[in-house]
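Below: one structure, written as structure tokens.
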Amino acid sequence: MQEIFNPSRCDLISMDVSHLLDSLNDTQRKAVCASPEHMLVLAGAGSGKTRVLVHRIAFLLETEQTRPYNLLAVTFTNKAAREMQYRIETLLRRSPQGMWAGTFHGISHRLLRMHWQEAKLPQTFQILDSEDQDRTLKRIIKSLQLDEKVWTSKQSQSFINSQKDKAIRPHDILIEENDFWLKQMVQIYQMYEEHCQRTGAVDFAELLLRSYETLRDNESLLTHYHARFRHILVDEFQDTNTIQYLFLKLLAGEQAKLFVVGDDDQSIYSWRGAKVENIQNFSQNFENTKLIRLEQNYRSTGTILEVANALINHNRQRLGKRLWTEGKAGEPVYIYKAYSELDEADFVVAKIKAWEGKLSQVAILYRTSSQSRIFEEKLIGKNIPYRIYGGIRFYERAEVKDVLAYLRLIALHDDDGAFERIINLPKRGIGQKTLETIRATARKTGVSLWQAANQLTQDKALSGRAHNTLQTFILLIQQITQSIKDLSLKEQVKQVMQVTELSEHYKKAGKEEAQRRLENLDELVTAAEQFSHSGKDGMDPLTAFLAHSALEAGDAQANEFSDCVQLMTLHLAKGLEFDSVFLCGLEEGLFPHQNSIKEGNLEEERRLCYVGITRAQQQLYLTHSESRYRWGLRESARPSRFLSEIPVELLENVKLQTTRSIGNHHFNTGKLIDFEVGQWVKHGKFGEGIILEREGEGELSRIYVKFSEGSKWLLAAFANLEII
DNA sequence: TCACTGTAATTTTTT
DNA sequence: ATTACAGTGA
């Protein structure tokens with residue numbers, strides 16, 4: 001491993017492509033115009049990672065006689081893929097035709113659509129999202145007559161996905177004779193696989209694994225892609241899991257050059273299979289790798305970077321990096337110690353109220369999503385607009401998925417998940433009994449539910465009423481399938497909603513709920529209308545739209561364009577930046593989270609904290625509370641160890657300057673457990689007061705203090721209380 | 001089939 | 001405190 005720099009090379013070509021290199025610093029330029037070899041760009045937070053990736057692509061296209069056809073660019077999220085595509089087009093002032101750019105899943109999906117025969121899939125295979133996968137597993141577990149409390153679908157789901165993420169099929173698993181748990185899991189995995197294959201269903205993990213296997217086992221295909229892709233560029237490489245790594249390695253072969261960009265210090269997804277080792281050992285795994293570190297930061301103040309550096313330095317397992325800036329040291333990083341989560345939120349909201357810049361440049365970050373509620377309440381109270389990230393996204397909404405289920409069943413009658421979802425929606429009198437008969441028949445003869453239902457009606461095997469309702473359902477599906485065949489996508493969606501009476505069905509729900517649902521259905525029609533599909537990869541518009549809905553679940557909220565405070569978990573904040581950041585709930589057990597402490601995964605928690613800190617451009621507030629309401633109980637809390645890992649000279653303790661008169665007020669007594677009712681206390685600001693009431697015992701007890709200032713009860717800085 | 005009730009769990013989330 | 005979910009009875 002060696003640092004490379006070849007000035008002559010840059011000089012040589014800079015005449016042609018100066019517009020690609022001028023705006024870059026020396027290190028970035030080295031990365032962008034490196035000779036074609038495997039490259040690992042260790043890009044610290046805010047160091048221009050995407051910039052380097054985009055300029056590298058442009059550079060290859062303009063100087064290396066590389067055609068877009070020879071390039072493959074991979075990201076993790078659709079958002080990152082869109083951003084990359086947009087920036088390439090802006091830089092080149094044209095759209096590179098023939099380049100493959102997309103997410104791992106998007107690219108795998110594309111491969112499978114193009115080579116569905118080699119992949120041994122039906123041409124119209126459907127994609128299962130994790131809800132579909134969960135429902136499928138529930139049915140399989142039930143069919144095995146297992147105790148659903150012992151063998152939960154969620155547990156099986158994570159078992160199966162983690163196996164697939166490691167490229168492990170059921171037959172690859174060695175089971176010891178007495179390992180009943182594993183034996184059972186493998187059986188569920190196996191049945192799930194057979195079921196998916198039979199019904200043409202492909203889950204997210206399967207997209208990757210199946211396309212990997214397809215390439216691996218088809219020499220001619222692999223040869224074709226080896227000849228095609230000369231350069232493979234990967235973003236956020238620290239987030240790759242085993243199958244993604246294998247996929248890249250296979251696709252790169254001996255010919256292609258990998259250009260991977262990432263930051264081991266920002267690896268925060270090990271819990272969903274990401275392997276930091278992929279980036280940490282990259283240079284050992286790929287011969288002749290050049291390493292470049294991007295350490296100059298263009299985002300944050302010097303002080304914020306020092307805080308970040310100091311914190312991450314406590315991690316052992318890292319490739320090592322130290323962020324620096326040419327900019328100013330800026331303000332100190334502030335620490336606020338609150339009495340309670342209410343006080344914490346009051347503080348944050350008061351500071352935001354005083355903020356004079358754009359609200360969209362302020363972020364409240366937290367470890368767990370449950371922390372958002374209190375901030376939400378306080379922001380509403382002060383009339384500050386906000387946006388919470390996360391939650392249920394558009395294509396995940398129940399009513400949207402209901403319509404999509406009809407469309408799926410139309411596209412592929414064998415889709416059991418879709419069949420089960422809508423067989424009795426809206427209610428058409430097909431009950432559990434009939435459904436169970438269909439399931440049993442399907443199981444017995446090894447066919448899909450649709451085929452079983454057809455069989456049963458043909459054989460007249462059901463009682464009169466059940467027979468009729470089922471017959472009506474089958475005719476309904478057959479009839480829609482025929483009648484919408486030649487319609488536009490938008491009309492297809494509209495027709496399905498009308499003919500199936502789904503729209504009518506939702507109208508019957510409660511007033512506001514009905515309103516919301518109908519709006520979402522309207523939105524779905526609009527989405528179908530706007531969905532443009534070039535007709536590539538051999539997909540009809542409907543199949544393409546269904547794939548799109550599974551692969552790009554869309555955003556959760558609409559108010560994206562208004563100026564509002566941004567609330568999100570630390571995980572969601574990765575890749576974003578804000579002028580002012582509030583990093584809240586820095587308490588032992590919450591951040592680092594109890595489960596991570598228990599599992600000894602502190603380094604990842606620290607990286608998460610590092611991610612949070614490095615989101616801030618100008619101001620950073622770190623807050624923690626002495627007590628917190630969790631699970632219906634008030635618990636005392638100690639400051640996070642991360643706070644003590646930051647040198648004190650970089651920090652400044654702050655207090656809220658406002659005093660407010662209030663009614664009864666509770667104080668968590670914390671360390672001041674010696675106070676008794678009737679005692680007089682003295683406070684630095686409010687003067688003398690008397691303890692009127694005490695509730696509870698020990699550290700969790702509360703006291704009510706009345707100060708002698710007028711007849712009002714006051715909120716005081718508790719730590720300043722003294723017995724007199 | 002639906003509404004009610006008791007129980008258990010409660011980190012992070014993209015595709 | 002909140003929520004999700006399975007079980008139960010009308």
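Letters A, B, ... are given to chains in the order of the sequence lines, protein chains preceding strands, and every chain is numbered from 1.
In this structure, A:Asn595 atom CG and B:dT13 atom P are separated by 14 Å, rounded to whole Å. A:Gln157 places its CD atom 16 Å from the P atom of B:dT13, with the value rounded to the nearest Å. Straight-line distance from the CD atom of A:Glu587 to the C1' atom of B:dT11: 15 Å, rounded to whole Å. Rounded to whole Å, the distance from CG on A:Asn161 to P on B:dT15 is 15 Å. Distance CD (A:Gln133) to P (B:dT14): 16 Å, rounded to an integer number of Å. In this structure, A:Lys154 places its NZ atom 12 Å from P of C:dA4, rounding to the nearest Å.
Between A:Lys427 and B:dC2 there is a side-chain N or O to OP1 or OP2 distance below 4.0 Å. In this structure, A:Asn424 reaches the B:dT1 phosphate: one of its side-chain N or O atoms is under 4.0 Å from OP1 or OP2. A sub-4.0 Å separation between OP1 or OP2 of B:dT15 and a side-chain N or O of A:Arg393 is present. Of the side-chain N and O atoms in A:Thr569, one or more sit less than 4.0 angstrom from OP1 or OP2 of B:dT13. Between A:Ser596 and the phosphate of B:dT11, there is no side-chain N or O to OP1/OP2 separation shorter than 4.0 Å.
Of the listed nucleotides (B:dT11, C:dA1, B:dT15), B:dT11 has the atom at the smallest distance from the side chain of A:Arg367. Distances were taken from every side-chain heavy atom of A:Asn78 (C-beta onward) to each of B:dT15, B:dT13, C:dA1; the shortest belongs to B:dT15. Closest to the A:Glu599 side chain, of the nucleotides B:dT13, B:dT15, B:dT11, is B:dT11. With B:dT12, C:dA1, C:dA6 as the choices, the nucleotide that has an atom nearest any side-chain atom of A:Trp631 turns out to be C:dA1.
Stacking between A:His593 and B:dT11 is shown: the ring centroid lies under 5.5 Å from the centre of the six-membered base ring, and the planes differ by under 30°. Stacking here means ring centres nearer than 5.5 Å and ring planes tilted less than 30 degrees, and by that measure A:Trp271 stacks onto B:dT12.
Between the side chains of A:Gln266 and A:Tyr610, no donor-acceptor pair is found at a separation under 3.5 Å. No side-chain N or O of A:Tyr395 forms a donor-acceptor pair with one of A:Arg393 less than 3.5 Å apart. Between the side chains of A:Ser596 and A:Glu605, at least one donor-acceptor pair of N or O atoms lies under 3.5 Å.
The same atom, P, is picked in C:dC5 and in B:dT12; the two are 16 Å apart, to the nearest Å.
A distance of 7.5 Å separates CD in A:Gln157 from OH in A:Tyr192, rounded to the nearest 0.5 Å.
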- Task: Go through the steps for A:Leu435 and A:Ile423 under the test side chain to side chain contact (heavy atoms under 4.5 Å, CB included), then give the verdict.
- Result: CA-CA 8 Å; A:Leu435 188 51; A:Ile423 174 104; 4.3 Å; yes
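Nucleic acid contact class of A:Arg607 (heavy atoms, under 4.0 Å, all strands): none. Using a 4.0 Å heavy-atom distance criterion, A:Ser130 is classed as a base contact.
Mapping A:Arg428 and A:Leu608 onto DNA chain B by nearest heavy atom places A:Arg428 at the nucleotide closer to the 5' end.
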